[in-house]
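First up is the structure itself, then whatever we jot down about it.
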Amino acid sequence: MSKTVLIGSQWGDEGKGKIIDVLTANADWVVRYQGGNNAGHTVEIGDQKYVLHLTPSGILREECKCVIGNGLVVDLIGLMNELTELVERGIKLDGRLFISDRAHIVLQYHKEIDGAKEGLAGEGKKIGTTQRGIGPAYADKVDRIGLRMGDILEDDFLDMVRANTEDKNIILESMGNEPLDIDKLLPLVKEAADYLRPFICDTIPLLHEAVKNDDEILFEGAQGVMLDVDFGTYPFVTSSNTGAGGAPAGSGVPPNAIDRVVGIVKAYTTRVGEGPFPTELKDEMGAHIAKVGHEFGATTGRPRRCGWFDAVIARYSAMVGGINEWALMKLDVLDAVETIKVCVAYEVDGERITNVPASIRKLERCTPVYEEFKGWNTPTTGCTQWDELPEQAQKYVEYLENLTGVKVSILSVGPKRESTLLLDR
Ligand code: GDP
Ligand code: IMO
Ligand code: MG
């Protein structure tokens with residue numbers, strides 16, 4: 001049985017939730033290993049739509065067990081609300097959801113500081129975060145002052161929350177914010193802590209047992225390689241390692257247990273939030289893709305910026321992510337596009353390059369070198385097999401494979417489970 005990591009290969013929102021859901025038909029475990037409720041993973045099943053932020057997408061398949069790994073930052077109240085809604089919709093959690101006692105906690109002050117920092121940032125410095133407190137919570141983790149889920153099991157947990165909030169109130173006031181009303185906050189934290197307590201455990205032995213039993217395990221990445229704190233468009237990134245390397249660190253499953261990495265990639269590119277985006281389309285074509293692809297953030301509802309497929313970025317993600325195969329998403333969104341462009345290289349400072357520069361200043365100066373591709377002008381959403389696809393669409397898939405050096409094993413032509421082609425060519 002495989003141990004598969006699924007990672008976003010662009011700037012997030014590639015369709016990870018959908019593919020996790022498709023692949024969990026055979027999975028025993030789904031493990032989130034980084035990020036927090038900055039993620040928004042959409043799964044559409046029949047007429048039901050679910051958007052998951054912290055809960056692994058495997059929760060929607062009854063036979064599947066789910067782990068919130070040590071690498072996450074967990075908004076207690078956010079997770080309680082998310083789980084309550086799932087239970088109301090008939091999802092069973094008991095014996096299926098396990099939250100690592102090593103995962104870090106996001107509290108109200110993290111969100112306030114996130115918002116205050118963004119508010120104070122000067123022109124060109126705003127990251128456009130989801131304001132879910134992700135950066136400040138990871139900063140506390142590496143500063144060794146964070147609270148962890150295991151602390152909830154201690155009698156003096158609320159005293160710890162009080163002490164930390166008092167410290168952060170000083171910072172908040174220095175940033176021009178009102179201090180948080182601790183007496184109002186603590187009952188809310190207590191309610192969430194009580195709700196979550198039964199799910200908290202040491203998830204490492206559980207996962208090692210699962211590896212020993214040769215269970216099928218899926219690691220559900222959040223965000224995408226270009227938002228990785230090391231490999232992405234720093235500082236316009238999130239605060240965790242979003243690539244496959246994050247999976248061992250954020251779950252405790254060793255790297256040599258992992259045998260497959262699937263990169264989730266859209267047939268075009270989107271980005272939400274600030275930061276460089278070489279193939280961005282600020283014209284009618286960008287608006288067309290946004291409209292047909294319903295490109296609005298699943299977490300914040302912000303419109304996503306849209307652009308052409310960028311093979312420079314896809315190759316780079318495949319390289320640093322160790323991607324063995326692509327899940328190519330949203331091909332249907334290009335169904336009515338006459339001429340599709342694909343970026344094959346950048347031109348910068350009089351030079352042609354095919355790597356992603358570390359410096360965002362340099363990346364901002366890059367102009368894409370495009371190749372043009374004739375569209376297929378035929379709907380693809382009803383297609384269930386390779387042979388049913390229009391010939392030009394098949395050629396586009398093969399063209400992207402040749403450009404990136406990675407085969408497409410899963411092709412998605414619509415948001416629903418059934419609009420998925422498992423390719424075996
Ligand atoms: P994630 O964060 O990577 O899980 O992706 P999101 O859920 O934020 O955004 C992907 C959006 O595209 C969701 O609304 C999905 O329902 C939708 N989607 C996924 N695959 C396809 C597809 O092949 N075609 C179309 N049209 N929509 C898709
Ligand atoms: P999923 O898992 C798209 C972006 C934010 C911002 C930057 C930093 O659904 O693909 P943060 O709140 O993490 O400090 O924001 O990262 N971002 C995402 N963009 N999809 C996501 O998650 C994202 N999570 C964070 O918009 O630019
Ligand atoms: Mg998303």
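We count ligands from 1, going down the list as the structure has it; atoms in each ligand are counted the same way. Throughout, residue positions are numbered sequentially from 1 according to the sequence presented.
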Pair T84, E88: side-chain N/O donor-acceptor within cut-off below 3.5 Å: no
Closest to atom 17 (C) of ligand 1 among protein heavy atoms sits K330 CE, 3.7 Å
Heavy atom of the protein closest to atom 18 (C) of ligand 2 (residue, atom name, distance): L227 CD1, 3.6 Å
Kindly confirm or rule out an N or O of G12 lying under 3.5 angstrom from an N or O of ligand 1. no
Does E178 CD have over 12 foreign heavy atoms under 6.0 Å away? no
Where ligand 2 meets I127 - atom numbers and elements under 4.0 angstrom, heavy-atom basis: 8 (C), 27 (O)
Judged by modelled atom types alone, do Y195 and N81 share a side-chain donor-acceptor pair under 3.5 Å? no
Any idea which protein heavy atom is nearest atom 1 (P) of ligand 1, and the distance to it? K16 N, 3.5 Å
Side chains of N169 and Y109: any donor to acceptor distance under 3.5 Å? no
Of all N/O/S atoms in D13, the name of the one nearest the Mg ion (ligand 3): OD1
Tell me if the CZ atom of R425 is crowded by more than 12 foreign heavy atoms within 6.0 Å. yes
Please determine whether any non-hydrogen atom of R304 lies less than 4.0 Å from an atom of ligand 1. yes
Using a 4.0 Å heavy-atom cut-off, which part of R132 comes near ligand 2: side chain, backbone, both, or neither? neither
Among protein heavy atoms, which lies nearest atom 23 (O) of ligand 1, and at what distance? S412 OG, 2.5 Å
Where ligand 1 meets E44 - atom numbers and elements under 4.0 angstrom, heavy-atom basis: 16 (O)
Could a heavy atom of H294 be found less than 4.0 Å from some atom of ligand 1? no
For atom 5 (C) of ligand 2, which protein heavy atom lies nearest, and how many Å away is it? G128 O, 3.6 Å
Of the backbone atoms (N, CA, C, O) and the side-chain heavy atoms from C-beta on, which set of V43 has a member under 4.0 Å from an atom of ligand 1: side chain, backbone, both, or neither? neither
Should we say atom CE of M160 is surrounded by more than 12 heavy atoms from elsewhere, each under 6.0 Å from it? yes
Just by distance, with hydrogens left out, do S412 and K18 show a side-chain donor and acceptor under 3.5 Å apart? yes
Centroid-centroid under 6.0 Å between F98 and F199 rings: no
Minimum-distance protein heavy atom relative to atom 24 (N) of ligand 1: D332 OD1, 2.8 Å
Identify the two heavy atoms, one from K16 and one from G221, that lie closest to each other, and give their separation to 0.1 Å. CD-O, 3.3 Å
Would you call R304 a ligand 2 contact, heavy-atom distance under 4.0 Å? no
Is it true that N241 and Q34 share a donor-acceptor pair across their side chains at a distance under 3.5 Å? no
Identity and separation of the nearest protein heavy atom to atom 20 (N) of ligand 2: D13 OD1, 3.2 Å
Quick one: does G40 get within less than 4.0 Å of ligand 1, heavy atoms only? yes
Taking only heavy atoms of K16, which atoms of ligand 2 are found under 4.0 Å from at least one of them? 1 (P), 2 (O), 10 (O)
Establish, from distance only, whether the side-chain atoms of T279 and D310 form a donor-acceptor pair under 3.5 Å. no
Check contact between G293 and ligand 1, using heavy atoms of the residue and a distance below 4.0 angstrom. no
F309-Y268 aromatic ring centre distance below 6.0 Å: no
Atom 23 (C) of ligand 2: which protein heavy atom is closest, and how many Å away? Q223 CG, 3.6 Å
Distance from atom 7 (C) of ligand 2 to nearest protein heavy atom, with residue and atom: V237 O, 3.9 Å
Taking atom CG of L227 and atom CG of D13, what is their separation to the nearest 0.5 Å? 9.0 Å
Polar atom proximity, G17 to ligand 1 (N or O, under 3.5 Å): yes
Using the ring of Y50 (Phe, Tyr or Trp, six-membered ring only), decide whether R89 places NZ or CZ under 6.0 Å from its centre and within 45 degrees of its axis. yes
Checking heavy atoms under 4.0 Å, the part of W11 that sits near ligand 2 is backbone
Which bit of R271 is near ligand 2, meaning a heavy atom under 4.0 Å away: side chain, backbone, both or neither? neither
If we only consider heavy atoms of G40, is any one of them less than 4.0 Å away from an atom in ligand 2? yes
Please say whether more than 12 non-hydrogen atoms of neighbouring residues, nucleotides or ligands are located less than 6.0 Å from NZ in K65. no
Return the closest protein heavy atom for atom 15 (C) of ligand 1 as residue, atom name and distance. T42 CB, 4.0 Å
Would G15 count as being in polar contact with ligand 1, using the rule that some N or O on each side must be under 3.5 angstrom apart? yes
List the closest protein heavy-atom neighbour of atom 10 (C) of ligand 1: residue, atom name, distance to the nearest 0.1 Å. D13 O, 3.7 Å
